[in-house]
2 protein chains.
Amino acid sequence: MGPQANRPIKALLTMEEILNDLHENEGATVTAVAERIDRPKSVVHDYLSTLEQLEYVVNDDGSYRLSLRWLDRGCKVRDRVSIYDLMIPELRRLAGELSNEMVSFAVEEEGSVVALEVIQSREDIEYETNAGMRFPIHCSGAGKAILAYQPEERIDSIIERHGLPEFTEKTITTREELVEELEEIRQNGVSYEYGEYHSGMATISAPILTPDDTPLGGISITGPERHMSEPEVKSTLSNKLLSKVNIIELNYSGRN
Amino acid sequence: MGPQANRPIKALLTMEEILNDLHENEGATVTAVAERIDRPKSVVHDYLSTLEQLEYVVNDDGSYRLSLRWLDRGCKVRDRVSIYDLMIPELRRLAGELSNEMVSFAVEEEGSVVALEVIQSREDIEYETNAGMRFPIHCSGAGKAILAYQPEERIDSIIERHGLPEFTEKTITTREELVEELEEIRQNGVSYEYGEYHSGMATISAPILTPDDTPLGGISITGPERHMSEPEVKSTLSNKLLSKVNIIELNYSGRN
DNA sequence: ACCGGCGTTCGACATACACGAACATTTACG
DNA sequence: CGTAAATGTTCGTGTATGTCGAACGCCGGT
């Protein structure tokens with residue numbers, strides 16, 4: 001949740017309750033929503049019909065659901081991310097070279113990592129990572145890569161806001177450890193994440209930087225830990241990442 | 001725009017004005033938005049801070065923009081489309097076989113066609129088609145394929161709502177022509193669209209149907225008209241489409 | 001035909017939103 | 001460094017408007 005507004009518009013909070021309910025409960029009727037959020041039917045009706053007019057929800061034969069307009073807006077927001085278009089072809093090329101692992105591109109927003117593009121591996125392992133998903137920054141490969149190039153004050157404010165929650169026994173949970181690792185990332189140019197979020201899974205990532213070292217995002221290779229542990233594999237993958245990043249950064253500075 | 005609500009919640013209409021403004025104008029400040037939508041700064045401020053609290057917008061150093069939460073919600077809505085997960089692997093396989101053309105999957109919503117997945121061709125032609133985008137149903141390949149399996153009354157209500165606007169000289173603009181073509185599509189099992197929306201571009205599509213012939217969506221192959229005109233190419237591509245559709249439909253009926 | 005459930009409409013009240021002015025904060029410029 | 005302009009934020013007030021409950025109409029089931 002974002003910072004508290006001093007005088008929030010209550011109608012928007014009510015709307016949010018209703019949208020969340022629709023999000024969680026598929027095919028919701030006016031009465032069902034009204035009961036769950038504990039409000040008169042008439043109120044829910046007025047909100048839903050307004051949201052329908054605005055095309056945020058659609059009414060399929062009596063039950064409401066969120067419309068695909070959310071996807072439209074979402075994709076437009078994504079396309080507006082500065083390097084999105086430059087990154088896509090390189091990410092595809094990378095995926096072509098590594099058909100056994102998942103590759104992805106992520107950016108930071110409000111202290112979390114958001115995956116903007118995910119290309120699944122051709123193996124039958126389906127990771128539950130999808131475009132749009134948010135992850136904690138301190139135990140994600142791309143997150144640590146991005147964090148490594150943030151000013152220290154920003155790092156602290158992110159820690160303050162989200163904490164360093166533990167997901168596995170390998171998760172970094174103290175500021176000191178994290179700062180130390182970020183220093184290492186700055187030296188290597190790549191970040192490693194071995195089972196810090198999901199046991200058995202590993203990610204190698206590299207940040208994409210502007211000429212003055214502001215992080216724009218990060219690209220990652222994710223796979224089962226056993227695929228990624230051998231030192232020569234680690235260095236091969238790291239080099240592949242860095243070469244793609246290099247191309248993206250060159251194209252980026254070339255157009256400004 | 002959806003059907004008019006009798007008693008719309010005005011606060012939501014105001015919110016929409018502000019969100020649309022943010023959508024159109026990158027990096028908008030409170031004052032700038034207030035001037036454009038002609039309202040007091042204080043009002044815009046209250047709305048934006050509420051929207052920030054709800055994480056629909058973020059405040060990067062003073063200027064607001066839509067957040068990536070829209071992407072998150074949008075992708076979840078998309079993933080909820082019944083055959084989305086079954087369709088993806090087949091669409092990828094199709095794209096692999098046809099590296100020179102764009103392939104896509106679309107569904108109908110409120111009388112328009114919405115692209116849910118777009119895999120660009122490996123050629124350097126970049127179509128401006130992206131996930132989430134909406135298209136008129138009567139001059140899109142997938143749209144006509146889906147329309148062919150709708151009850152006649154539904155077809156009429158869609159025509160009534162959206163009309164049959166002309167985009168090129170080849171666009172179908174009369175109900176009679178359309179109905180005739182839909183009959184043909186039902187016979188072939190595939191639909192063709194040659195320059196009806198964008199001159200010089202062509203699409204071949206096939207509908208995905210439930211066992212009782214309810215259309216769930218359509219998959220398409222799109223490319224320059226010159227690639228797709230030869231009769232043998234036309235039939236090869238049609239067959240490829242139909243074989244993928246077959247697999248998807250089998251998997252679909254297999255899990256219910 | 002009756003009953004129960006659901007969506008919808010409507011009038012009335014109290015509240016919460018819209019407004020403008022004033023205050024705080026940042027930026028621009030001499 | 002100091003002043004001015006522009007922007008973001010706070011706040012009191014009147015009234016428009018969201019909230020509520022009750023009643024109506026519609027449909028499907030028994």
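Scope of the values below: all heavy atoms of this structure, side chains included, with no hydrogens, waters or symmetry mates. Predicted model only: the values in this text are computed from it and were never measured. A, B, ... follow the sequence lines: proteins, then strands. Residue 1 opens every chain.
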- Message: Counting the atoms with a prime plus P, OP1 and OP2 as sugar-phosphate, which does A:S49 contact under 4.0 Å by heavy atoms, base, sugar-phosphate, or nothing?
- Response: nothing

- So CD of B:E117 and CG of B:N130: to nearest 0.5 Å the spacing works out to 10.5 Å

- For B:K41 and C:dT26, give me the distance from atom NZ to atom C1', rounded to whole Å. 13 Å

- Message: Nearest to the B:Y64 side chain among D:dT9, C:dC17, C:dC19, which nucleotide is it?
- Response: D:dT9

- Query: Base, sugar-phosphate alone, or nothing: which one does B:D46 contact when heavy atoms must sit under 4.0 Å apart?
  - Reply: nothing

- Send over the distance from B:L12 CG to D:dT19 P, rounded to a whole Å. 9 Å

- Query: Is there a donor and acceptor pair closer than 3.5 Å between the side chain of A:S42 and the base of D:dG21?
  - Reply: yes

- Query: Looking at C:dT8, D:dG8, C:dG20, which one has an atom nearest to any side-chain atom of B:T31?
  - Reply: D:dG8

- Query: Nearest-Å distance, CZ (A:R39) to P (D:dG18)?
  - Reply: 14 Å

- Report yes if a donor N or O on one partner sits less than 3.5 Å from an acceptor N or O on the other, where the partners are the side chain of A:R7 and the base of D:dG12; otherwise report no. yes

- Between atom NZ in B:K10 and atom P in C:dC19, what is the gap in whole Å? 11 Å

- Task: Rounded to the nearest angstrom, tell me the gap between atom CD in B:E52 and atom P in D:dT9.
- Result: 9 Å

- What integer distance in Å separates B:I9:CD1 from C:dT15:P? 17 Å

- Message: Please report the distance, rounded to the nearest Å, between OH in A:Y47 and C1' in C:dG7.
- Response: 18 Å

